[in-house]
Amino acid sequence: MDKLYEFLVGPALWAAFTLFVLGLVVRLAYFCGALSKERSGFLHSCADLKWVFGSIIGKLVAIKNVMSGSQPLWGIILFLFHACLLGVPLFLLAHNMLWEEAYSMSLPSLPDSVCDLLTVVFIAANAVLLAARIVRTELRRISTTWDYSLHFLTGVPFVAGFLAYHQIGPYRLILILHIIFAEILLIIIPFSKPGHAIHTIVTGKLKQLQSSY
Amino acid sequence: MKCTKLLAVLMFFIAFVPPAFSQEPEIILNHEEFGKHQRPAVIFPHEAHSTKIDCLRCHHDFDAYSNNRGGEGQQCVNCHDVHPDDGSLSLQEAFHLQCKECHETFRFQGKSAGGTMCGECHIRKK
């Protein structure tokens with residue numbers, strides 16, 4: 001298991017991180033390309049920054065409307081989910097210690113007790129969103145297997161990290177599972193259809209707005 | 001009678017009171033210099049190390065020519081500050097570098113050694 005651990009925090013981490021960055025680049029190119037179909041091609045629309053920013057700002061405004069509009073609680077849970085998903089791994093003391101040791105660079109870090117709490121918040125938010133997916137018929141109808149997989153894939157590293165920190169269960173096995181699933185998640189994030197959940201609500205909200213005009 | 005009692009007391013001290021510079025078999029590393037600890041204290045089996053590994057491998061006190069004259073009896077914190085202001089090794093880094101690096105090398109060679117993962121050294125009391 002020592003060799004596996006060394007491999008996971010060494011070459012495997014590099015591979016996962018490289019795929020993460022590559023995935024983001026591909027995804028961004030795809031995004032521009034898809035948007036430009038109705039326009040005059042990929043390069044043109046990418047150069048047309050005003051239009052690109054306009055469409056991004058349009059999306060942000062729509063999200064803000066959801067948060068302050070008819071479903072504020074929904075918006076807050078979505079926000080907590082994503083803030084913890086990014087924030088906890090980035091500002092966790094143990095991660096930053098390891099980055100400092102390996103690459104001599106690190107971010108500021110939160111106290112372990114704060115991250116512990118935020119991990120619980122994340123797991124709870126994930127559970128609430130999953131429950132809503134199952135309970136609310138309009139959400140269930142549009143949910144795909146992939147959507148359910150994403151709840152699982154984002155949940156496992158957090159649950160395993162929580163168990164490892166509290167040293168519940170077989171420590172070494174759990175820490176190794178934590179790392180494996182976190183690396184899988186890192187590779188998947190660029191392709192996770194960001195806004196898969198928000199998107200449906202936003203479009204619903206937009207339709208609602210349009211019909212009220 | 002008195003003499004034998006005195007002798008018995010003397011024998012007791014010679015037998016059971018350890019000499020001044022002997023070491024505990026286990027040292028609990030829980031330095032108050034860190035302030036409130038984030039992680040559980042580390043139980044360090046000093047004897048298991050010092051009977052196999054040269055003292056100078058861990059204890060050091062370098063002279064002007066970088067010769068290691070040994071620093072046994074000194075605490076690491078005497079020279080490695082918790083928050084060094086000259087950019088040198090912090091106390092936490094000193095411990096982690098020394099302990100983990102050696103364990104990693106040993107384990108990588110397939111030999112038994114102490115922990116390399118956080119929870120193998122910072123063990124929570126059950």
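Worth knowing before you read on, the calculation uses all heavy atoms, side chains too, and leaves out hydrogens, waters and symmetry mates.
Side-chain contact between A:Leu118 and A:Leu110 is present, with heavy atoms from C-beta onward closer than 4.5 Å. Counting only heavy atoms from C-beta outward, the side chains of A:Ile179 and A:Glu183 approach each other to under 4.5 Å. Two residues are said to be in side-chain contact when any heavy atoms from C-beta on lie closer than 4.5 Å; A:Leu130 and A:Phe152 fail this criterion.
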Please tabulate, one pair per line, the donor and acceptor atoms of chain B and chain A that lie under 3.5 Å from each other, or say none if there are none.
from	atom 1	to	atom 2	distance (Å)
A:Asp2	OD1	B:Arg107	NH1	2.9
A:Glu101	OE1	B:Lys100	NZ	3.0
A:Glu101	OE2	B:Lys100	NZ	3.4
A:Asp112	N	B:Gln38	OE1	3.0
A:Asp112	OD2	B:Arg39	NE	3.0
A:Asp112	OD2	B:Arg39	NH2	3.4
A:Tyr165	O	B:Arg124	NE	2.8
A:Tyr165	O	B:Arg124	NH2	3.0
A:Gln167	O	B:Lys126	NZ	3.4
A:Gln167	OE1	B:Arg124	N	2.8
A:Gln167	NE2	B:His122	O	2.6
A:Tyr171	OH	B:Gly119	N	2.6
A:Arg172	NH1	B:Glu120	OE2	2.9

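Rounding to the nearest 0.5 angstrom, the gap separating the CG atom in A:Asn126 from the CG atom in A:Leu85 is 9.0 Å. For the atom pair CD1 (A:Ile176) and CZ (A:Phe7), the distance works out to 12.0 Å, reported to the nearest 0.5 Å.
A:Phe81 pairs by the ring pair (Phe, Tyr, Trp, His ring centres under 6.0 Å) definition with A:Phe122, not counting sequence neighbours.
Both the backbone and the side chain of B:Ile123 come within contact range of chain A, judged by heavy atoms closer than 4.5 Å.
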